[in-house]
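First listed ligand is number 1; within each ligand, the first listed atom is number 1. What you are looking at is a predicted structure, and each value in this text was computed from that prediction instead of being measured. Just so you know, these numbers use all the heavy atoms, side chains as well, and skip hydrogens, waters and symmetry mates.
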Amino acid sequence: MRLYVNLDHVATVREARKTDEPDPVRAAVLAELGGAQAITVHLREDRRHISDRDVVLLLQTVRTGVNLELAVDEEILEFALEHRPMQATLVPERREEITTEGGLDLGDEKRREKVADVLERLGSAGIKTSLFIDPEEATIRASAELGADAIELHTGEYANASSPEAREEQLQRLRRAAKLGRGLGLAVHAGHGLTYENVTPVAAIPEIEELNIGHSIVGRAVLVGMERAVREMLELVRSARPVRE
Ligand code: PXP
């Protein structure tokens, strides 16, 4: 199980004052020292946190790899093709949202054609591709048909479940989705809303090989430092015992 650390919210703090600190590039060095196996950033169309400069410098300085989250958008896609991160994760994006709200919609034919085209262009540039999707059978099957290398299962509904029963139901959903994805030959990732308190059952799903975690780690890093915050999350992830459906 790999832990990829999302540093968007280091940039969010910087942008709160439109200054040059804290710098996500410095945070990335510390995250890697804490054991992060890659750095994830979302270059949004409105550049509300991570900037082009951040991504360019991260690509030059990160020793592990950069997972770039991007919307299906020509301008950002061209940026990705020029700068070639290790991995690109396609996410839906709405300007008014506070954070990514749901998984990619692969429901209509036109959308699917567009996503297939983007996957093909990224793949031809040697970039590993991942689709951020809800843990639903039809979307997982569509992801495989479109030629993605990986899917990232949206764990938001699990994280937001309001009762232990609802949480268990969402966990079962994630387990089934992970199994299906792997069975279809996709690498299976997961993320969104994962915290020190709720990560263990997701980390215990054997088919999931990568977690993308941001807010909770950055929140703890404000208090205990980035290196320790990452190390503590990594310890939880590594100590999870595999649980099959
Ligand atoms: N995965 C994806 C695709 C995301 O868009 C985000 C949020 O940027 C995350 C993971 C991380 O979510 P969180 O910040 O809640 O850990």
### Query
Got Glu32 and Val62 here, is their nearest side-chain heavy-atom distance under 4.5 Å?
yes
### Task
For residues 216-228, pull every pair meeting side-chain hydrogen bond (donor to acceptor under 3.5 Å, both in side chains), keeping only residues two or more places apart or in separate chains.
Arg220-Glu232, Glu227-Arg231, Arg228-Glu232
### Ligand-side contact atoms (ligand 1) for residue partner Val91, heavy atom cut-off under 4.0 Å
3 (C)
### Query
Which bit of Asp8 is near ligand 1, meaning a heavy atom under 4.0 Å away: side chain, backbone, both or neither?
side chain
### Message
Tell me the contacting part of His154 for ligand 1: side chain, backbone, both, or neither, using a 4.0 Å heavy-atom threshold, strictly below.
### Response
neither
### Task
Decide whether an N or O pair under 3.5 Å exists between Gly193 and ligand 1.
yes
### Message
Name the residue from His83, Glu75, Glu82 that meets the side-chain contact (heavy atoms from CB on, under 4.5 Å) definition with Phe79.
### Response
His83
### Task
Could you check which of His42, His192, His49 puts a non-hydrogen atom nearest to atom 12 (O) of ligand 1?
His192
### Query
Would one find an N or O of Gly214, backbone or side chain, under 3.5 Å from an N or O of ligand 1?
yes
### Query
Thinking salt bridges, do Arg112 and Asp108 make one under a 4.0 Å N-O criterion?
no
### Summary
Here the atoms of ligand 1 under 4.0 Å from any heavy atom belonging to Asn6 are 8 (O)
### Query
Is the closest N or O pair between Thr89 and ligand 1 shorter than 3.5 Å?
no
### Query
Which atoms from ligand 1 have a heavy atom of Ile213 less than 4.0 Å away?
16 (O)
### Ionic contact status for Arg14 with Asp54, cut-off 4.0 Å
yes
### Which segment of Glu152 sits under 4.0 Å of ligand 1 when only heavy atoms are counted
side chain
### Residue pair Leu104 / Val91: nearest heavy atoms and the distance that separates them
CD2-C, 3.7 Å
### Task
Specify whether His49 and His9 have parallel, tilted or perpendicular ring planes, treating 30° as the upper limit for parallel and 60° as the lower limit for perpendicular.
perpendicular
### Message
Tell me whether Glu15 is salt-bridged to Lys18, with the criterion being a basic N under 4.0 Å from an acidic carboxylate O.
### Response
yes
### For ligand 1, the portion of Asn212 having any non-hydrogen atom under 4.0 Å away
both
### Query
Short list, please: which atoms of ligand 1 are under 4.0 Å from a heavy atom of His215?
13 (P), 14 (O), 16 (O)
### Message
Side chain or backbone, does His9 bring an N or O within less than 3.5 Å of an N or O on ligand 1?
### Response
no
### Query
Does Pro85 reach the side chain of Asn67, with side-chain heavy atoms less than 4.5 Å apart?
no
